[in-house]
Enquirer: 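Once you've had a glance at the structure underneath, I'll fire off some questions.
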Amino acid sequence: MSSMNFRSELTGSFSQPCAENPTVAMVEAAYRHHGLDWHYINAEVSPADLGDAVRGARAMGWKGFNCSIPHKVAVIEHLDGLGESAAIIGAVNCAVRRDGQFIGENTDGKGFVESLREVVDPSGKHLVMIGAGGAARAIGVEVSLAGADRVTVVNRSAARGEEVAALLDAQTPADAELVLLDGEYAVPEDADIVVNATSIGLFPDVDARVPVDPGSLRAGVVVADVIPNPPRTRFIEEAEARGCKVLDGLGMLVNQGVIGIKYWTGLDVDPSVMRAKLEEIFGG
Ligand code: NDP
């Protein structure tokens, strides 16, 4: 479990090594900007203590919390139910108290779709997704539930790739297939949206190349990267140079925050304040 969101009457104090947590800084920036009497704090929780931590959040009247790896699957048994996409994805990164019950949601893919909608409606589109890890699974499910027609999952390992392609094909309205990564991948001409959903390019490995042939990126195609740090990845820069419409990983992160805050407080907050805070931390 990482970050929690609360309104409680018990006052506590704890000390932990405290490097600046970008998500905490982003959510707190929104709360302060809107003058909201809410707080978002970060606590390290060991796998053995996860159940107690969720019971504690319940007891203290917390409105919800985010959880990160390694808790995204394990937390499910401590919750009372799951939202539609979290049930398909099989992982939760956001718990929300609804009518006294903690319901697990997954905002990773929802944040991505929200960013995507700023440039294209996913309905009827062909998504090419490089990667088949947790982020890819969430993105694939949400883009498919948002109406995408086809998803091509491109992954290095067959096992993970097959699992995600089969899940999308069976449990969402989209058709999905796996292409195994073998050298440089040439994006098919009918692709509308291409997303790097691998960890390639994440700081400090900023020079690592996403194995996509840049020559296959047509002008006008939407190219997105999940990497938030740095926001301008090599992949994004190459795509932009080819005339693609680009979306960086900050938008996905900001929109996850916006969605989480809406779930917890019922309020719509200004994404630009949150993005500005992340740009301060990661560089714009
Ligand atoms: P996982 O470890 O679950 O998955 C990593 C994926 O990247 C796998 O498909 C893996 O392939 C692939 N991969 C990694 N290295 C290589 C490589 N050298 N060549 C080919 N494929 C590679 O990670 P997550 O899905 O949880 O996270 C992925 C990234 O998404 C992270 O960098 C994270 O920061 C980012 N993220 C961003 C969010 C945002 O809001 N912007 C939200 C969530 C995540 P294989 O299966 O073959 O190992």
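Each ligand, and each atom within it, is numbered from 1 in the order the structure gives. The basis for the numbers below is simple: all heavy atoms, side chains too, and nothing from hydrogens, waters or symmetry mates.
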Enquirer: As a check for students: among D225, V226, L278, I139, identify the option with a heavy atom nearest to atom 36 (N) of ligand 1.
Expert: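 Looking at heavy atoms only, V226 sits closest to atom 36 (N) of ligand 1.
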Enquirer: Would you tell me which option among V154, I200, L181, D108 has the nearest heavy-atom contact to atom 19 (N) of ligand 1?
Expert: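 Shortest heavy-atom distance from atom 19 (N) of ligand 1: I200.
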Enquirer: Can you tell me which portion of R137 lies within the under-4.0 Å heavy-atom range of ligand 1? Options are side chain, backbone, both, or neither.
Expert: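 Looking at R137 and ligand 1, no heavy atom falls under 4.0 Å.
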Enquirer: Looking only at heavy atoms, which two atoms of I236 and P231 are closest? And how far apart?
Expert: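 What the structure gives for the nearest pair is CG1-O, 4.4 Å.
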Enquirer: Considering only NZ, NE, NH1 and NH2 on the basic side and carboxylate oxygens on the acidic side, decide whether D207 and R234 come within less than 4.0 Å.
Expert: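 Here D207 does not pair with R234 in a salt bridge, since their nearest N and O are not under 4.0 Å apart.
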Enquirer: Flag P228 as yes when one of its N or O atoms lies below 3.5 Å from any N or O atom of ligand 1, and as no otherwise.
Expert: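 Checking ligand 1 against P228, no N or O pair falls under 3.5 Å apart.
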Enquirer: Please report, to 0.1 Å, the donor-acceptor pairs under 3.5 Å made by any side chain of residues 246-255, with sequence neighbours excluded.
Expert:
{"from": "D248", "atom 1": "OD1", "to": "L250", "atom 2": "N", "distance (Å)": "3.0"}
{"from": "D248", "atom 1": "OD1", "to": "G251", "atom 2": "N", "distance (Å)": "3.3"}
{"from": "D248", "atom 1": "OD1", "to": "R275", "atom 2": "NH1", "distance (Å)": "3.2"}
{"from": "D248", "atom 1": "OD2", "to": "R275", "atom 2": "NH2", "distance (Å)": "2.6"}
{"from": "N255", "atom 1": "ND2", "to": "S115", "atom 2": "OG", "distance (Å)": "3.0"}
{"from": "N255", "atom 1": "ND2", "to": "G251", "atom 2": "O", "distance (Å)": "3.0"}

Enquirer: Determine whether any protein heavy atom is located less than 4.0 Å from atom 23 (O) of ligand 1.
Expert: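 When distances to the protein are checked, atom 23 (O) of ligand 1 has no heavy atom within 4.0 Å.
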Enquirer: Purely on distance, is any nitrogen or oxygen of T198 under 3.5 Å from one on ligand 1?
Expert: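 Among all N and O atoms of T198, none is under 3.5 Å from an N or O of ligand 1.
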Enquirer: When the ring planes of F65 and F102 are compared, do they come out parallel, tilted or perpendicular, using 30° and 60° as the limits?
Expert: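 F65 vs F102 ring planes: perpendicular.
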Enquirer: Check residues 85-93 and write down every donor-acceptor pair under 3.5 Å in which the side-chain atom is one partner and the other belongs to a residue at least two apart or another chain.
Expert:
{"from": "S85", "atom 1": "OG", "to": "K110", "atom 2": "NZ", "distance (Å)": "3.4"}
{"from": "S85", "atom 1": "OG", "to": "E142", "atom 2": "OE2", "distance (Å)": "2.6"}
{"from": "N93", "atom 1": "OD1", "to": "T107", "atom 2": "N", "distance (Å)": "2.8"}
{"from": "N93", "atom 1": "OD1", "to": "T107", "atom 2": "OG1", "distance (Å)": "3.3"}
{"from": "N93", "atom 1": "ND2", "to": "T107", "atom 2": "OG1", "distance (Å)": "3.1"}
{"from": "N93", "atom 1": "ND2", "to": "D108", "atom 2": "OD1", "distance (Å)": "3.2"}
{"from": "N93", "atom 1": "ND2", "to": "Q256", "atom 2": "OE1", "distance (Å)": "3.1"}

Enquirer: Nearest non-hydrogen contact with atom 11 (O) of ligand 1 belongs to which option: N229, L253, V164, N155?
Expert: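 It is N155 that holds the nearest heavy atom.
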Enquirer: Based purely on interatomic distance, does I227 place a nitrogen or oxygen under 3.5 Å from a nitrogen or oxygen of ligand 1?
Expert: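 Between I227 and ligand 1 (N or O atoms, distance only) the closest approach is not under 3.5 Å.
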Enquirer: Give the contacting part of R156 toward ligand 1: side chain, backbone, both or neither, where contact means a heavy-atom distance below 4.0 Å.
Expert: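 Near ligand 1, R156 shows its backbone as well as its side chain.
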Enquirer: For G111, state whether at least one heavy atom is located under 4.0 Å from any atom of ligand 1.
Expert: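 G111 does not count as a contact of ligand 1 under the 4.0 Å cut-off.
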Enquirer: In terms of side-chain geometry, is the basic nitrogen of K277 or E280 positioned less than 4.0 Å from the acidic oxygen of its partner?
Expert: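 Looking at E280 together with K277, the answer is yes, because their closest N to O distance falls below 4.0 Å.
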Enquirer: Does NZ or CZ of R98 lie under 6.0 Å from the centre of the six-membered ring of Y263, at an angle within 45° of the ring axis?
Expert: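 Flagged: R98 positioned over aromatic ring of Y263.
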